[in-house]
Amino acid sequence: MVSRTQRTPFGEWWWTVDKLTLAALGALMLAGVVLSLAASPPVATRLGLDPFYFVDRQILYLIPTVAILLGVSFLTPRQIRRVSLIIFLVSLVLVAVTPYFGAEIKGARRWLIIFGVNIQPSEFLKPAFVVLIAWLFGESAKRTDMPANALSLLLLLLVVTLLVIEPDFGQTMLVVLVWSALFFMAGMRVNWVFGIAGAAAFGLTVAYF
């Protein structure tokens, strides 16, 4: 057992980390491996691969995932915001170039091949976007001189525009819904939330057809 008086990085992490969330994430990872064991061998065999090909890949990707997860949990809120800003800017550039250099799959360009690895930049963009938006909404309540709400709306429009160009309507709807939920939890009026969500749904419908 780690003592509360032990002022080491691990000691401070142990008494401040959300253990329930950490356990839930671990359970989800374990469930993913179990489901992969149950469902993927017939698919791998049909494709002429080793029966546990997809299981091995699942476990292989989990190793760096767990390392990154634990590493990020040691960061302070300020460090997380800075890392999120860097990831957001890099991912934004990658999402912007994906329609021009990405591989076309079923009429959409959402994936880039970087150093032989298929990467979907929007998957990195989403968590960074959520952290930045949450910070902006938090700042809007503390600093009235900062146009945080306007900046968050501009970021939303920018991200949505790039995702629609790919096109990726599923990711777009997810981003809009998360932004609306954060907007509501920040204390904004519910009619603004539904109004923006309705406008986004209308825009997506028009873009789809």
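- Between W179 atom CH2 and L136 atom CG the span is 11.0 Å, to the nearest 0.5 Å.
- Here the side chain of S122 pairs no donor or acceptor atom with the backbone of L125 at under 3.5 angstrom.
- A distance of 12.5 Å separates CG of D50 from CZ of R57, quoted to the nearest 0.5 Å.
- Nearest heavy atoms, L132 versus S84: CD1-O, 4.3 Å.
- V178 and M185 end up in the same hydrophobic cluster when Ile, Leu, Val, Met, Phe, Trp and Tyr side chains are linked at under 4.5 Å.
- A centroid separation of 6.0 Å or more is found between the aromatic rings of W111 and F101.
- The number of heavy-atom neighbours closer than 6.0 Å to CG of L22, taken from other residues, nucleotides and ligands shown, is above 12.
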**Message:** The test is side chain to side chain contact (heavy atoms under 4.5 Å, CB included); show your working for E166 and Q171 and say whether it passes.
**Reply:** CA-CA 10 Å; E166 287 188 346; Q171 297 272 31; over 6 Å; no
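- Side-chain contact between I133 and F183: absent, with no pair of heavy atoms (C-beta onward) separated by less than 4.5 Å.
- V93 and L112 fall into different hydrophobic clusters, where Ile, Leu, Val, Met, Phe, Trp and Tyr are joined by side-chain heavy atoms under 4.5 Å apart, directly or via other members.
- Proximity of L89 to L85: side-chain heavy atoms (C-beta onward) are separated by under 4.5 Å at one or more points.
- Taking each heavy atom of F124 and I87 in turn, the nearest pair found is O-CG2, 3.6 Å.
- The minimum heavy-atom distance between V175 and K126, with the atom names listed, is CG2-CG, 4.2 Å.
- At a threshold of 4.5 Å between side-chain heavy atoms, the hydrophobic network of Ile, Leu, Val, Met, Phe, Trp and Tyr places V159 and L154 in two separate groups.
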**Asked** Does the pair Y61 and D56 meet the rule for a side chain to side chain contact (heavy atoms under 4.5 Å, CB included), with working shown?
**Response** CA-CA 9 Å; Y61 287 135; D56 293 338; over 6 Å; no
**Message:** For a side chain to side chain contact (heavy atoms under 4.5 Å, CB included) check, start with the C-alpha distance between F129 and L156, then their side-chain angles and the critical distance, and finish with the verdict.
**Reply:** CA-CA 9 Å; F129 173 78; L156 173 67; 4.1 Å; yes
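- Taken together through direct or relayed side-chain contacts under 4.5 Å among Ile, Leu, Val, Met, Phe, Trp and Tyr, V176 and L151 form part of one hydrophobic cluster.
- S36 places no side-chain N or O within donor-acceptor distance of the main-chain N or O of G32, the cut-off being under 3.5 Å.
- In this structure, the separation between OH on Y100 and CZ on R109 is 11.0 Å, given to the nearest 0.5 Å.
- Within a 6.0 Å radius of CZ in F52, no more than 12 heavy atoms belonging to other residues, nucleotides or ligands are found.
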**Request:** Just do the side chain to side chain contact (heavy atoms under 4.5 Å, CB included) check on Q120 and D168 with the steps written out, would you?
**Result:** CA-CA 11 Å; Q120 189 174 2; D168 193 340; 3.5 Å; yes
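- Scanning all heavy atoms of the two residues, the minimum distance from L62 to V33 falls at CD1-CG2, 3.5 Å.
- In the hydrophobic clustering of ILVMFWY residues, with side-chain heavy atoms under 4.5 Å counting as a link, V90 and I80 come out together.
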